[in-house]
Undergrad: 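One structure is given below, represented as structure tokens, and several questions about it will come after.
Chain identifiers are assigned alphabetically (A, B, ...) following the order of the sequence lines, protein sequences preceding nucleic acid strands; residue numbering begins at 1 within each chain.
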Amino acid sequence: MNNEEKQSLSIEIEKFKTIQTFLSDKISLKNGRAVERIQFCAGVDVAYWEEAGVEWGVCSIVVIDYDTKVVVDKTHSIGKITVPYIPGYLAFRELPLVLDAAKKLSKTPDLYMFDGNGYLHPRHMGIATHASFFLNKPTIGIAKSYFKIDNVDVTIPKNKTGSYEDIVIGNEVYGRVLRSHQDVKPIFISCGNYINLQATTKIVLHLINEESRIPIPVRLADLETKRIRRRLVE
DNA sequence: GCGACAG
DNA sequence: ATCTTGTCGC
């Protein structure tokens with residue numbers, strides 16, 4: 001990347017930051033829509049590959065029934081990726097494909113779970129929260145590693161399934177470190193929007209099975225995304 | 001300049 | 001995220 005490209009990228013980042021700040025004022029974590037009743041729960045993930053110097057991505061959305069955990073719908077969308085990965089600005093990179101895939105769903109999810117953060121973000125605008133304003137549904141963020149904010153470290157929860165520790169930054173709870181399985185690295189969950197942290201924790205734990213430390217819908221979307229890529233690349 | 005850095 | 005070999009364990 002040359003200096004001119006670096007310059008235009010930093011201008012883009014400033015615009016991204018402005019958008020995040022604008023949206024973050026509209027977060028409503030006290031809205032109870034999610035805790036009332038969930039039937040359809042969606043998992044979202046994106047995989048990437050490169051072809052002739054062009055970066056491509058595929059977004060998969062897998063919808064399961066909350067009680068039976070049976071897959072009831074799934075869609076995907078494929079497209080060129082134009083925005084680079086910049087920590088803190090993941091939504092601007094992945095959201096176009098996500099929204100494209102969401103449009104194709106025949107069942108309307110009551111909740112979306114994302115691979116990444118939600119409220120647990122420097123401006124409370126991780127991809128899960130950002131996406132909620134376009135999907136108009138409750139969202140949850142599921143991260144497999146900790147995105148450090150203000151140099152605050154997390155407390156490691158006890159080695160027991162369901163144990164968690166709040167992630168507190170400046171007297172505010174941003175999210176939770178959750179042990180989804182004993183003897184397995186914990187995950188980092190946070191509200192996206194239109195849902196509170198208590199409901200978020202309950203839903204995440206409900207959708208964990210023996211196969212994975214992340215919730216079923218996100219895991220299925222991850223598998224799906226790689227299956228589609230393999231079909232395209234080979 | 002160096003290290004850190006969701007996916 | 002992706003690139004990768006072997007390896008440990010159910």
Undergrad: For atom NZ of A:Lys104, is the number of surrounding heavy atoms from other residues, nucleotides or ligands below 6.0 Å larger than 12?
TA: yes

Undergrad: I'd like to compare against my own output: the B/S/- annotation of nucleotides 4-10 of chain C with a strict under-4.0 Å heavy-atom distance to protein.
TA: -------

Undergrad: State whether A:Lys226 and A:Asp222 are salt-bridged, where the test is any N-O pair (Lys NZ or Arg NE/NH1/NH2 against Asp/Glu carboxylate O) under 4.0 Å.
TA: yes

Undergrad: Is the ring pair A:Phe133/A:Tyr194 parallel, tilted or perpendicular, if the boundaries are 30 and 60 degrees?
TA: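 Taking A:Tyr194 first and then A:Phe133, their aromatic rings stand perpendicular (interplane angle over 60°).
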
Undergrad: Would you say A:Asn193's side chain and A:Ser132's backbone share a donor-acceptor pair under 3.5 angstrom?
TA: no

Undergrad: Please measure how far the P atom in B:dC2 lies from the corresponding atom in C:dT5, and state the result in whole Å.
TA: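 Comparing P positions in B:dC2 and C:dT5 gives a spacing of 32 Å.
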
Undergrad: Any N/O pairs under 3.5 Å between the protein and nucleotides 1-7 of chain B? List them or say none.
TA:
unit_1: B:dA6; atom_1: OP2; unit_2: A:Tyr85; atom_2: OH; d: 2.9
unit_1: B:dA6; atom_1: O4'; unit_2: A:Asn117; atom_2: ND2; d: 3.4
unit_1: B:dA6; atom_1: N7; unit_2: A:Gly88; atom_2: N; d: 3.0
unit_1: B:dA6; atom_1: N6; unit_2: A:Gly88; atom_2: O; d: 3.3
unit_1: B:dA6; atom_1: N6; unit_2: A:Tyr89; atom_2: N; d: 3.2
unit_1: B:dA6; atom_1: N6; unit_2: A:Leu90; atom_2: N; d: 2.9
unit_1: B:dA6; atom_1: N1; unit_2: A:Ile127; atom_2: N; d: 3.2
unit_1: B:dA6; atom_1: N3; unit_2: A:Asn117; atom_2: N; d: 3.0
unit_1: B:dG7; atom_1: OP1; unit_2: A:Lys144; atom_2: N; d: 2.7
unit_1: B:dG7; atom_1: OP2; unit_2: A:Ser145; atom_2: OG; d: 2.9

Undergrad: Of all of residues 205-221 of chain A, which get a heavy atom below 4.0 angstrom from DNA chain C, listed by number?
TA: none

Undergrad: Whether A:Arg229 contacts C:dT2 is assessed here as follows: a side-chain N or O lying under 4.0 Å from the phosphate OP1 or OP2. Is that the case?
TA: yes

Undergrad: May I ask you to say whether A:Asp153 pairs ionically with A:Lys148, meaning some side-chain N is under 4.0 Å from a carboxylate O?
TA: yes

Undergrad: Is A:Arg93 close enough and on-axis enough to A:Tyr85, meaning under 6.0 Å and within 45°, for cation-pi?
TA: no

Undergrad: Test of understanding: clusters of I, L, V, M, F, W, Y form through side-chain heavy atoms closer than 4.5 Å, transitively. Do A:Leu120 and A:Phe92 belong to the same one?
TA: no

Undergrad: Same cluster for A:Val83 and A:Leu90 if Ile/Leu/Val/Met/Phe/Trp/Tyr side chains link at under 4.5 Å?
TA: yes

Undergrad: Do A:Lys69 and A:Tyr66 meet the cation-pi criteria used here (NZ or CZ under 6.0 Å from the six-membered ring centre, within 45° of the axis)?
TA: no

Undergrad: So among A:Val218, A:Val204, A:Val177, which one has a side-chain contact (heavy atoms from CB on, under 4.5 Å) with A:Ile187?
TA: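 Option passing the side-chain contact (heavy atoms from CB on, under 4.5 Å) with A:Ile187: A:Val204.
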
